[in-house]
Amino acid sequence: RKEVEQDPGPFNVPEGATVAFNCTYSNSASQSFFWYRQDCRKEPKLLMSVYSSGNEDGRFTAQLNRASQYISLLIRDSKLSDSATYLCVVTGNTPLVFGKGTRLSVIA
Amino acid sequence: GAGVSQSPRYKVAKRGQDVALRCDPISGHVSLFWYQQALGQGPEFLTYFQNEAQLDKSGLPSDRFFAERPEGSVSTLKIQRTQQEDSAVYLCASSLNPRQGRGYTFGSGTRLTVV
């Protein structure tokens, strides 16, 4: 079983839609959680950290459920520029562990 | 420099050839990481340095893979006797503190194709 599991998608949504991605992790000792964004043929870049209390950054909301070992990302009012692969990332006493990524295509 | 620099950007190698991939981290970043990203997959951890010390090499897939960072700055990932399954993007990242996931900066990667 992979340490971080994500639905690979693709998610094809129209502009303006709300879309949610989910991720589960297996290592209960994981301490920090992130969503990274990766554009085609580019390097991963940090999108946002994820906290148990939930955090919001503009149209993006991230949530962590430690009991269920579950992480989510909600994107509201999708833009064409949101099209990318979204990587769920966890870490503890080890370097970053990445999920396979979920591909999002926002269509005009 | 301002970012993590990797070279070459692209490398085509014949099966059995040795290759060397270079990573120049952000100045002052003590931690350096190598990841391998196959097509359609997330990055997979290969190895980690703190300064010149290689603290974790558990992700190196075989003894054909070797990494070094002799002066605690530039790092080289070497792959001997390349195989087709080595075809992937090799990403390097550096960080001031490996426990702070916010602080990782990735280079653009080296895309290796073994033919």
Side-chain angles (χ1 to χ4, degrees), chain A residues 1-11 21-27 29-51 55 57 60 62 64 71 73 84-105, chain B residues 2-7 9-10 21 23-26 29-50 54-60 67 75 88-113:
Chain A
R1 184 185 168 197
K2 289 278 284 183
E3 194 167 335
V4 179
E5 303 228 33
Q6 296 181 248
D7 180 345
F11 284 62
F21 305 139
N22 304 317
C23 161
T24 57
Y25 61 95
S26 60
N27 186 351
S30 299
Q31 296 170 1
S32 300
F33 308 88
F34 309 93
W35 284 100
Y36 272 66
R37 170 188 169 133
Q38 187 171 27
D39 292 293
C40 189
R41 294 183 170 264
K42 299 283 190 183
E43 71 273 22
K45 291 186 179 175
L46 178 67
L47 178 67
M48 59 197 303
S49 301
V50 189
Y51 307 112
N55 53 306
D57 182 2
F60 298 81
L64 165 66
I71 302 162
L73 176 68
T85 296
Y86 291 83
L87 297 158
C88 178
V89 185
V90 308
T91 187
N93 290 320
T94 55
L96 299 181
V97 180
F98 287 81
K100 208 171 166 175
T102 298
R103 195 149 57 92
L104 171 66
S105 290
Chain B
V4 177
S5 177
Q6 291 188 246
S7 62
R9 187 77 176 87
Y10 302 95
L21 313 180
C23 173
D24 203 336
I26 291 174
H29 277 194
V30 298
S31 299
L32 185 146
F33 310 86
W34 284 99
Y35 284 81
Q36 179 192 58
Q37 187 171 23
L39 190 65
Q41 304 293 317
E44 296 275 353
F45 170 74
L46 293 177
T47 187
Y48 155 50
F49 290 86
Q50 187 150 318
Q54 189 174 20
L55 297 188
D56 186 345
K57 54 181 181 179
S58 61
L60 296 176
S75 177
V89 175
Y90 290 85
L91 293 162
C92 176
S94 70
S95 171
L96 273 172
N97 183 341
R99 293 172 187 262
Q100 292 185 359
R102 292 191 63 84
Y104 283 56
T105 301
F106 281 86
S108 299
T110 294
R111 183 174 297 272
L112 173 66
T113 303

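Only a predicted model underlies this, so the values are computations on that prediction, with no experimental measurement involved. Chain naming here is simple, since letters A, B, ... match the order of the sequence lines and numbering starts at 1 in each.
- Of all the listed residues (B:P43, B:G107, B:G42), the one sharing the greatest number of non-hydrogen pairs under 4.5 Å with chain A is B:P43.
- Using a 4.5 Å cut-off between heavy atoms, A:Q38 contacts chain B through its side chain alone, with no backbone atom that close.
- Heavy atoms of B:F45 lying under 4.5 Å from chain A belong exclusively to its side chain.
- For the atom pair CZ (B:F33) and CG (A:L96), the distance works out to 7.0 Å, reported to the nearest 0.5 Å.
- The closest donor-acceptor contact from the side chain of B:Y104 to the backbone of A:L46 lies at 3.5 Å or more, if one exists at all.
- Contacts between A:R41 and chain B at a heavy-atom distance below 4.5 Å involve backbone atoms as well as side-chain atoms.
- Note that CD of B:Q41 is 13.5 Å distant from CZ of A:F98, once rounded to the nearest 0.5 Å.
- With rounding to the nearest 0.5 angstrom, the CD atom of A:E43 is 8.5 Å from the CD atom of B:Q6.
- Comparing A:P44, A:G99, A:C88 by how many heavy-atom pairs each has under 4.5 Å with chain B, the most go to A:P44.
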